[in-house]
**Student:** 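The structure is given below, and queries will be raised subsequently.
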Amino acid sequence: YSVRQTESAYRYRDIVVRKQDGFTHILLSTKTENNTLNPDVMKEIQSAMATAASDDSKLVLLGAVGNTFCYGLDFLYFIRRLTDDRKKESVKMAETIRAFVDTFIQFKKPIVVAVNGPAVGLGAALLPLCDVVWANEKAWFQTPYTVYGQTPDTCSSFTFPRIMGVASANEMLLSGRKLTAQEACAKGLVSQVLWPSTFSQEVMLRIKELVSVNSLVLRESKALMRSTNRSALEQANERECEALKRVWGSSQGTDSILKYLQKKLDQL
Amino acid sequence: YSVRQTESAYRYRDIVVRKQDGFTHILLSTKTENNTLNPDVMKEIQSAMATAASDDSKLVLLGAVGNTFCYGLDFLYFIRRLTDDRKKESVKMAETIRAFVDTFIQFKKPIVVAVNGPAVGLGAALLPLCDVVWANEKAWFQTPYTVYGQTPDTCSSFTFPRIMGVASANEMLLSGRKLTAQEACAKGLVSQVLWPSTFSQEVMLRIKELVSVNSLVLRESKALMRSTNRSALEQANERECEALKRVWGSSQGTDSILKYLQKKLDQL
Amino acid sequence: YSVRQTESAYRYRDIVVRKQDGFTHILLSTKTENNTLNPDVMKEIQSAMATAASDDSKLVLLGAVGNTFCYGLDFLYFIRRLTDDRKKESVKMAETIRAFVDTFIQFKKPIVVAVNGPAVGLGAALLPLCDVVWANEKAWFQTPYTVYGQTPDTCSSFTFPRIMGVASANEMLLSGRKLTAQEACAKGLVSQVLWPSTFSQEVMLRIKELVSVNSLVLRESKALMRSTNRSALEQANERECEALKRVWGSSQGTDSILKYLQKKLDQL
């Protein structure tokens, strides 16, 4: 997207928020590379969503500026903290993620995602916590948690097996298999794949239609869809964050992130 | 199907029921356009299913006469009632649907569906409450509830996300995306797509094989398959009907149906 | 696989077990035709898995020698027992299966399956109890339980509807539809299909990568993935085995197996 500057540019540093007619458009545009998430970015998203929850927005449209959707956690940020005080910081990190994920679980209005480019780690795992996912044909999806020496987050250990079966879920979560947009659509992670050249327009057309639905029906429909597994999602989030504390709190865990960052450095 | 007249023609007005060797064939053939359902049609189906439940039928084959499977609820019928006494009639409507859907949830013998043509709204949402679904290549599937200003019914808010993932389910239930038979099969709504020219024969061949299975195995198998989510289906049905009461009981809800009917009229 | 003889050849009769660097490779190689399972084979597998659970193996790789993966239960063995004392033996058979299946439900390390050829009955139903499933392009999958006059086993009445939706699951479990490797992959039974000529090498490459993951992450990841449905799987196993007792304990059930074996004999 080319994004007109709005007043939101003054309130947020790493996201762009545009209040539109009937919806709120939140775009990742982080100072970090590849729209990775650190606690500051997460808090900005949570704050923008809290505003959208209480104003007259009928839904939230989540996207990103540029050619990347989101590469997940900002490991450079996290490793600095972990090497400082592993026990304390691993707990803080896990709690930050838990609260961020819970914001999506509890959100009462539909969340539509426009996946403009690569969605990696938490950036891919977030999709099943949203409601409709439209992907650019050039986007791809990967959750290479084991490469970071990490266990699954963002409820993916619960949602991925539900959506695509345990065989495909494990190949993504354990073996880090990368999916094209078409593959992600066939497996149920994505609602529909749209052509790159008209991606933004196609998304906006569909958003306009959704926004024309009366708000009582939208709210009740989302409540119906989510009521069966809200508590299961809360429990999955809880369990995953407890596992993250154990992994990041161990020397094995910190070493794995360091090894991953070293490998990335070597590639440059 | 070309349907030979049987004694059932005298007992039912909107469906044709043929007791065959080992199974009961129920065909929609309503006086309303496009096999839409009003309380009378629903009660006829429930009555035919009650008979099939207690006689020596090993299974029920559900289909329709003509080129349409079922367009869901008969909104012309419903809007007449709603404009009469919104509060009272919205409750009656929701209760009628609740009981109809519950008949499918509780049915102990396999229900096979031969989807000969378009399956819309409740007509599509009903499929996951049945056991095997064979579709004519020309059939298509759509649940444009938001166009009617309505929330999902027939447990679709529970079954659709389970079957195809939340991203695809929401695209159908919120955005009203229309699926071809092949797409519906890829997403798991349909067991297999069969060619139009030999559709009836292919269905009958497969039914003959199923009917040759001993009845103890059929009954025990269905019980096993359904035991894990019967109570979840009952709760989904309950929740959805409560939401329908709130929506139809509001002026927004009635207006939406009127707007939808007006648009259809304008198109003629 | 061409299998080098190892010491395991002396301890097991119907399987080959090779302790490799970081994992245990268990290969079916039964004296029975088509790697069918009788209580002796099952006990050997359970014993090999118990060893792998407690040694330094990070995961188990399950496969088979030859061109067949596994044709499920050894009906020739079972029918001899059933015709002896139906009531007593049906209970014993069901209990043997229950314990075998429970071994897979409770296993705490990842189980990877290399499906080299046809996977039939219990041999196909076992796959969703494992974690990653790679299939040779020539493999195929079928659960023709009703042909054996049998109800679903190995939790398939629970896992199949979850993975592929009720419409596809019933077509496999009631109508015995045979799936190609590609179809099984599209439906979520299989993680990925690999080419026959390089199947073993491709599997080994991927195993090597998985084995390089630190064991804390592997164990915690598997625990997260399975925690949501372990008790549901235990209950499904229990229910299915109770149904098997009722079916096999009836004259209908024994007759069905005899009829099936007679038909197979006639085909020779």
Side-chain angles (χ1 to χ4, degrees), chain A residues 143-179 183 186-188 229 231-233 235-257 259-260, chain C residues 58-59 104 109-113 115 126-135 141 155 158-165 168-169 182 184-193 203 205-229 232-233:
Chain A
T143 49
Y145 290 120
T146 54
V147 173
Y148 319 139
Q150 187 197 314
T151 45
D153 59 27
T154 324
C155 300
S156 57
S157 68
F158 174 76
T159 58
F160 278 34
R162 284 283 175 118
I163 290 173
M164 59 183 87
V166 76
S168 289
N170 273 308
E171 213 188 21
M172 287 196 77
L173 297 172
L174 295 182
S175 289
R177 177 169 174 203
K178 191 194 276 195
L179 298 184
E183 287 170 334
K187 290 193 188 297
N229 62 6
S231 76
L233 290 171
Q235 286 164 36
N237 190 21
E238 184 68 32
R239 271 195 314 269
E240 288 177 348
C241 290
E242 292 306 310
L244 286 177
K245 288 178 198 170
R246 286 191 293 274
V247 170
W248 284 334
S250 74
S251 61
Q252 274 189 317
T254 319
D255 288 353
S256 293
I257 297 183
K259 235 196 285 179
Y260 163 73
Chain C
K58 284 184 173 178
L59 57 85
F104 282 80
K109 298 174 179 179
I111 306 172
V112 179
V113 192
V115 187
L126 198 60
L127 303 177
L129 299 181
C130 304
D131 301 292
V132 181
V133 180
W134 287 309
F141 304 80
C155 300
F158 174 76
T159 58
F160 278 34
R162 284 282 176 119
I163 290 173
M164 60 183 86
S168 288
Q182 294 291 0
C185 187
K187 290 192 189 297
L189 266 187
V190 161
S191 310
Q192 204 173 154
V193 178
V203 167
L205 268 173
R206 287 163 167 77
I207 288 290
K208 203 167 269 178
E209 265 184 50
L210 268 178
V211 165
S212 74
V213 175
N214 88 50
S215 51
L216 174 65
V217 167
L218 280 182
R219 196 172 61 238
E220 292 272 6
S221 295
K222 167 126 187 185
L224 285 170
M225 307 285 284
R226 290 292 173 184
S227 61
T228 41
N229 62 6
L233 290 172

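Just so we're on the same page: letters track the sequence lines, and every chain starts at 1. The basis for the numbers below is simple: all heavy atoms, side chains too, and nothing from hydrogens, waters or symmetry mates.
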**Student:** Is A243(A) in contact with chain C via its backbone, its side chain, both, or neither, using a 4.5 Å heavy-atom distance?
**Tutor:**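 For A243(A), backbone and side chain are both near chain C.
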**Student:** Which one of L218(C), L216(C), I163(C) has the most heavy-atom pairs closer than 4.5 Å to chain A?
**Tutor:**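 Ranked by contacts with chain A, first place is L216(C).
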**Student:** I want to check something: taking the side chain as every heavy atom from C-beta on, are R239(A) and L224(C) in contact at a cut-off of under 4.5 Å?
**Tutor:**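 Side-chain contact under 4.5 Å: yes.
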**Student:** Tell me which of these, G188(C), S221(C), P110(C), A223(C), has more heavy-atom pairs under 4.5 Å with chain A than the rest.
**Tutor:**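 Highest number of pairs under 4.5 Å: S221(C).
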**Student:** Report the option among M164(A), E242(A), R246(A) that has the most heavy-atom pairs separated by less than 4.5 Å from atoms of chain C.
**Tutor:**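 Most heavy-atom pairs under 4.5 Å with chain C: R246(A).
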**Student:** With only heavy atoms counted, which part of L210(C) is less than 4.5 Å from chain A, the side chain, the backbone, both or neither?
**Tutor:**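 Answer is side chain: those atoms of L210(C) sit under 4.5 Å from chain A.
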**Student:** If you look only at pairs with a residue in residues 148-175 of chain A, which of them pass as a salt bridge (charged side-chain N to carboxylate O under 4.0 Å, His left out), with sequence neighbours excluded?
**Tutor:**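 Qualifying pairs: E171(A)-R177(A).
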**Student:** Is there a side chain to side chain donor-acceptor pair (under 3.5 Å) between K187(C) and S168(C) once you walk through the steps?
**Tutor:** CA-CA 8 Å; K187(C) 290 192 189 297; S168(C) 288; 3.1 Å; yes
**Student:** Contact part of L189(C) toward chain A, heavy-atom cut-off under 4.5 Å: side chain, backbone, both or neither?
**Tutor:**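 For L189(C), the contact with chain A is made by the backbone alone.
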**Student:** Heavy-atom distance under 4.5 Å to chain C: side chain of L173(A), backbone, both or neither?
**Tutor:**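 When you check distances to chain C, only side chain atoms of L173(A) fall under 4.5 Å.
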**Student:** With a 4.5 angstrom heavy-atom cut-off, is it the side chain or the backbone of V213(C) that approaches chain A, or both, or neither?
**Tutor:**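 Contact with chain A is through the side chain of V213(C) alone.
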**Student:** Given that the side chain runs from C-beta out, which part of P161(A) has a heavy atom under 4.5 Å from chain C: side chain, backbone, both or neither?
**Tutor:**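 Looking at P161(A), just its side chain touches chain C.
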**Student:** Can you tell me if S191(C) uses its side chain to pair, donor with acceptor, with the backbone of A167(A) under 3.5 Å?
**Tutor:**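 The answer is yes, because a donor-acceptor pair under 3.5 Å joins these two groups.
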**Student:** Only counting residues at least two apart or in another chain, list the ones meeting side chain to side chain donor-acceptor pair (under 3.5 Å) with R226(C).
**Tutor:**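 In terms of side chain to side chain donor-acceptor pair (under 3.5 Å), with neighbours along the sequence ignored, R226(C) is linked to D131(C).
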**Student:** Hey, mind stepping through R206(C) and S175(A) against side chain to side chain donor-acceptor pair (under 3.5 Å) and telling me if it holds?
**Tutor:** CA-CA 8 Å; R206(C) 287 163 167 77; S175(A) 289; over 6 Å; no
**Student:** Would you mind checking which part of S256(A) comes under 4.5 Å of any heavy atom in chain C, side chain (CB onward), backbone (N, CA, C, O), both or neither?
**Tutor:**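 S256(A) touches chain C through side-chain heavy atoms alone.
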**Student:** Could you tell me which non-hydrogen atom of I257(A) sits nearest to which non-hydrogen atom of Y148(A), and how far apart they are?
**Tutor:**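 Shortest heavy-atom separation between I257(A) and Y148(A) comes out as CG1-O, 3.7 Å.
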**Student:** Mind listing the closest non-hydrogen atom pair of N170(A) and M225(C) along with its distance?
**Tutor:**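 Heavy-atom minimum between the residues: OD1-CE, 3.2 Å.
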**Student:** With a 4.5 angstrom heavy-atom cut-off, which part of Q235(A) approaches chain C: side chain, backbone, both or neither?
**Tutor:**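 Answer is neither: Q235(A) stays 4.5 Å or more from chain C.
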